[in-house]
2 protein chains.
Amino acid sequence: MDQAARKPRTRIQIEKRELILEAALEIFAQHGFRGATIDQIADAAGMSKPNLLYYFKSKDDIHRTLIQRLLDTWLAPLREIDDIGDPVTELRSYIRRKLEMARDYPRESRLFANEILQGAPRVLPMLEGELKTLVDEKVEIIRGWMRAGKIARTDPYHLIFAIWATTQHYADFDVQVRAVLGPARDGEGRFEDAARFLEQLFVEGLRVKG
Amino acid sequence: MDQAARKPRTRIQIEKRELILEAALEIFAQHGFRGATIDQIADAAGMSKPNLLYYFKSKDDIHRTLIQRLLDTWLAPLREIDDIGDPVTELRSYIRRKLEMARDYPRESRLFANEILQGAPRVLPMLEGELKTLVDEKVEIIRGWMRAGKIARTDPYHLIFAIWATTQHYADFDVQVRAVLGPARDGEGRFEDAARFLEQLFVEGLRVKG
DNA sequence: GTCTATATGCTGATAGAC
DNA sequence: GTCTATCAGCATATAGAC
């Protein structure tokens, strides 16, 4: 759409920038902003440091670009929640999608976790603005389900926090999860175990007593 | 006990070291290992950089000391789980204690989260050894409860992960939690809301279907 | 567009006076 | 024990040749 609205770029420039962003995501996710060096990123992208700085004017510039791009895709699953379908199905598929994202995009999850842990210096306004608005909106939908007796009454904000926490845990604390489960349960089986567990926890936890 | 077994220290030395560790915890928790500087820590501890390095021989030395101390207290609640009492009471009080720790020791939680996010370079052996052994042991207790029909059958490992994730979330993602809840729900009320929610989620989620 | 060389500033750690 | 001064190394970023 407006990918070149502000800064027109050639196709090659765009591709090189993609290459750098891909490499930077890897490095930033593992070492955090301060821990990552431009040298590492340039190495991973297969180019020299000055060459990298020809495409992005600073380390901060790369990081901001990554964060901004992350947020768009990161909140997509939450945006999709609506009150048309069955509440339990709706929540179950949200949890599933969040867990799939933790499996498929662990670096994005860790990039975000790093940013929040450091006090969210670059995204605090977005958290207090766009994110809060979105969550408030979905909380109202969930409250509607509770009033209608479709799911058990509980605090919708903390429900959302719990879904975020449990799913992202598998990306952010992956090292710990692997260490505790041992080599026997690596790979695909682990994901299905987690999915089954989370489905049971949240679905039973929200079942209407009666 | 054996606090001075390896390196005998005077009372003043011990106090200064405490002062430094307290300051370092604050800085490391916020900026991560690489992001923290000795200057910052020395400043926060109210002394000069060379003076600080008189008490700890390196930045890494401070960090290791903090991590080691952290682990002892951090796992205490898990250690206390036993199969003498009522299973639901036992799990409920474990969740409560973990949540209290997230409230009372958020810096310790973030220090640990930073370490794991970076791939656990300093604690991986401990995760694969001591932690795994401890978790395996508690998993057996939980399996016993399930076999006895005291709680619903589910994956005990992922149950523990979920408790860790949801409780530590309030320390590690504190900025985000505050941003989303807004200023209205700051302070003590937030903790009680979280405690109520988590109790409901896990207790109902583990209720035996009848 | 890409390179080598380099300016500039910061950081961990030490030397040595007091 | 605490200070000032300082070293050596590294990291961001730029200059300028090709």
Side-chain angles (χ1 to χ4, degrees), chain A residues 3-4 7-67 111 114-115 118-119 121-122, chain B residues 3-4 6-67 111 114-115 118 121-122:
Chain A
Q3 72 186 26
K7 297 186 181 181
R9 300 188 216 283
T10 70
R11 188 177 54 78
I12 283 192
Q13 274 174 330
I14 293 171
E15 281 172 8
K16 286 268 184 181
R17 282 173 63 93
E18 281 316 311
L19 196 65
I20 292 167
L21 288 173
E22 161 64 25
L25 175 58
E26 187 77 29
I27 306 294
F28 279 134
Q30 197 179 348
H31 303 285
F33 180 77
R34 191 96 191 310
T37 72
I38 297 186
D39 263 321
Q40 283 176 303
I41 299 171
D43 255 29
M47 66 184 70
S48 69
K49 180 163 51 173
N51 196 6
L52 181 150
L53 287 167
Y54 171 78
Y55 292 99
F56 287 90
K57 69 175 189 295
S58 72
K59 180 179 170 180
D60 198 74
D61 187 20
I62 306 175
H63 193 263
R64 280 178 192 281
T65 306
L66 277 175
I67 289 272
L111 178 72
N114 261 308
E115 174 70 10
Q118 328 263 302
R122 292 166 186 81
Chain B
Q3 71 187 29
R6 290 174 57 88
K7 296 188 180 180
R9 299 190 217 281
T10 70
R11 189 180 51 80
I12 282 190
Q13 274 174 330
I14 293 172
E15 282 172 7
K16 286 268 182 180
R17 282 173 62 94
E18 281 316 311
L19 196 65
I20 293 167
L21 288 172
E22 161 63 25
L25 176 58
E26 187 77 29
I27 306 296
F28 279 134
Q30 196 179 346
H31 299 104
F33 180 77
R34 194 91 194 307
T37 72
I38 298 185
D39 263 321
Q40 283 177 302
I41 299 171
D43 255 28
M47 66 183 71
S48 69
K49 179 163 56 172
N51 195 6
L52 181 151
L53 287 167
Y54 171 79
Y55 292 98
F56 288 89
K57 69 175 188 296
S58 71
K59 180 180 171 180
D60 197 75
D61 187 19
I62 307 175
H63 193 265
R64 282 179 192 280
T65 306
L66 277 174
I67 289 273
L111 179 71
N114 262 308
E115 175 70 11
Q118 327 265 305
R122 292 167 185 80

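Naming convention: chains lettered A, B, ... in sequence-line order (proteins, then strands); numbering from 1 in each chain.
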Assign each of A/R34 and A/Y55 to its nearest nucleotide of DNA chain C by heavy atoms, then name whichever residue's nucleotide is nearer the 5' end.
->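 The residue closer to the strand's 5' end, by nearest nucleotide, is A/Y55.
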Looking at DNA chain C, which of residues 39-54 of chain B put a heavy atom within less than 4.0 Å of it?
->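 Under 4.0 Å from DNA chain C: B/K49, B/P50, B/L53.
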Do side-chain atoms of B/Q30 reach the backbone of A/G119 as a donor and acceptor pair under 3.5 angstrom?
->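 Between the backbone of A/G119 and the side chain of B/Q30 there is no qualifying donor-acceptor contact (under 3.5 Å).
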Please state how far atom CG in A/D60 lies from atom P in D/dA11, giving the value in whole angstrom units.
->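 Going from A/D60 (CG) to D/dA11 (P), I get 18 Å.
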How close or far is atom P of D/dA13 from atom CD1 of A/I38, stated in whole angstroms?
->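 Computing the A/I38:CD1 to D/dA13:P distance gives 5 Å.
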Mind checking what makes side-chain contact (heavy atoms from CB on, under 4.5 Å) contact with B/D61, not counting sequence neighbours?
->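 With sequence neighbours excluded, B/D61 shows a side-chain contact (heavy atoms from CB on, under 4.5 Å) to B/F56, B/K57, B/S58, B/T65, given in chain and number order.
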For DNA chain C, which nucleotides open and close the run of contacts to chain B, 5' to 3', at under 4.0 angstrom from a non-hydrogen atom?
->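 Range of nucleotides within reach of chain B: C/dT11 to C/dT14.
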Salt bridge (charged side-chain N to carboxylate O under 4.0 Å, His left out): which pairs involve residues 33-44 of chain A, sequence neighbours left out?
->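 Residue pairs passing salt bridge (charged side-chain N to carboxylate O under 4.0 Å, His left out), neighbours aside: A/D39-A/K49.
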Would a 4.5 Å heavy-atom cut-off, applied to side chains only, mark A/Q118 and B/N114 as touching?
->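 Yes - at least one pair of side-chain heavy atoms lies under 4.5 Å apart.
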B/E15 side, atom CD; B/I20 side, atom CD1 - distance, nearest 0.5 Å =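 It is 12.0 Å, given to the nearest 0.5 Å.
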Pairwise distance CG(B/L21) to CD(B/E18) - rounded to 0.5 angstrom =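 B/L21 atom CG to B/E18 atom CD measures 5.5 Å (nearest 0.5 Å).
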Enumerate the residue pairs fulfilling ring pair (Phe, Tyr, Trp, His ring centres under 6.0 Å) with a member in residues 24-44 of chain B, sequence neighbours excluded, ordered by first and then second residue.
->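 As it turns out, the ring pair (Phe, Tyr, Trp, His ring centres under 6.0 Å) pairs with a partner in residues 24-44 of chain B, which skip direct neighbours, are B/F28-B/F33, B/F28-B/H63, B/F33-B/H63.
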Could I get the full list of side chain to side chain donor-acceptor pair (under 3.5 Å) partners for B/Q13, not counting sequence neighbours?
->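 Residues passing side chain to side chain donor-acceptor pair (under 3.5 Å) with B/Q13: none at all.
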